[in-house]
2 protein chains.
Amino acid sequence: MYIVHVHVTVKREFIDAFKSASIKNAENSIREPGIQRFDVMQSMEEPAQFVLVEVYATKEETLLHKETNHYKKWRDTVENMMEKPRKSIKYVNLFPNDSNW
Amino acid sequence: MYIVHVHVTVKREFIDAFKSASIKNAENSIREPGIQRFDVMQSMEEPAQFVLVEVYATKEETLLHKETNHYKKWRDTVENMMEKPRKSIKYVNLFPNDSNW
């Protein structure tokens with residue numbers, strides 16, 4: 001799989017708005033055929049820190065995702081909420097294997 | 001859910017050994033009743049960097065996990081492979097909700 005962890009830190013006044021926009025984006029993203037998981041999580045210790053865990057079948061699906069209306073709406077909505085630029089780290093799965101996602 | 005991301009950087013000569021030990025640990029951990037996911041992933045850009053994504057029902061299950069033989073074996077096996085101390089970050093899920101893990 002082609003896994004992307006998107007690390008986001010928002011300004012504190014936007015915590016709730018970011019949560020709402022990101023849940024909406026995840027609800028739509030998980031319906032894309034090439035997306036196996038689209039998890040949104042919030043740090044317990046630093047509530048302004050979030051990670052999106054996005055699991056794609058291949059890199060191509062990451063490009064298709066960025067063409068969707070829900071992604072573009074999320075991107076534009078959260079742009080001004082960020083405390084600093086978001087950071088994406090790409091991973092390959094070691095466990096489970098591809099057939100078990 | 002009670003989600004733990006364990007960030008590990010290993011010395012380069014231990015990359016394969018760490019992968020092997022961590023896959024074995026994940027295969028056993030995912031059978032624990034309180035563990036919903038136990039994913040092991042490797043950075044595409046920095047092959048010595050790994051993340052374990054551990055999804056527990058509650059904090060209590062994290063304590064039970066640390067009492068298992070497979071966890072203790074993994075902990076002792078990888079101890080000397082680390083380039084620096086590993087770092088755990090705890091998260092709560094925003095999406096999906098608890099019943100969809």
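Just so it is clear, the model here is predicted, and its values are computed rather than measured. In what follows, chains carry the letters A, B, and so on, assigned in the order in which the sequence lines appear, proteins first and then strands, with residues in each chain numbered from 1. Because only heavy atoms are used, hydrogens play no part in the values below, and waters and symmetry mates are left out as well, while side chains stay in.
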What is the distance from atom [atom1] of [X] to atom [atom2] of [Y], rounded to the nearest 0.5 Å?
X	Y	atom1	atom2	answer
B:Ser43	A:Ile3	OG	CD1	11.5 Å
B:His5	A:His5	NE2	NE2	5.5 Å
A:Phe95	B:Lys19	CZ	NZ	15.0 Å

[Y] reachable from [X] in the ILVMFWY side-chain graph, under 4.5 Å edges:
X	Y	answer
A:Val51	A:Val8	no
B:Tyr2	B:Leu94	no
A:Trp101	A:Val40	no

- [ ] For A:Met44 and B:Met1, work out which heavy atoms get closest and say how close.
- [x]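 Answer, listing the atom of A:Met44 first, then B:Met1: CE-O, 4.3 Å.
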Task: Shortest non-hydrogen separation from A:Tyr91 to B:Met41 and the atoms involved - done: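 Closest approach of A:Tyr91 to B:Met41, heavy atoms only: CB-CB, 3.7 Å.
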Task: Heavy atoms from other residues, nucleotides or ligands near CG of B:Asn69 exceed 12 (cutoff 6.0 Å) - done: no
Task: Atom NZ of B:Lys11 with >12 non-hydrogen neighbours under 6.0 angstrom - done: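 Buried by this count: over 12 neighbours within 6.0 Å.
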Open item on the list: Quick check on the interface: out of A:Val92, A:Asn93, A:Ile89, who has the most heavy-atom pairs with chain B under 4.5 Å?
Closed with: A:Val92
Task: Contacts of residues 53-62 of chain A with chain B (heavy atom under 4.5 Å) - done: A:Val53
Open item on the list: Please output the residues of residues 21-32 of chain A in contact with chain B, using a heavy-atom cutoff of under 4.5 Å, in numerical order.
Closed with: A:Ile23, A:Ala26, A:Glu27, A:Ile30
Task: Side chain / backbone / both / neither for B:Phe38 at chain A, heavy atoms under 4.5 Å - done: backbone
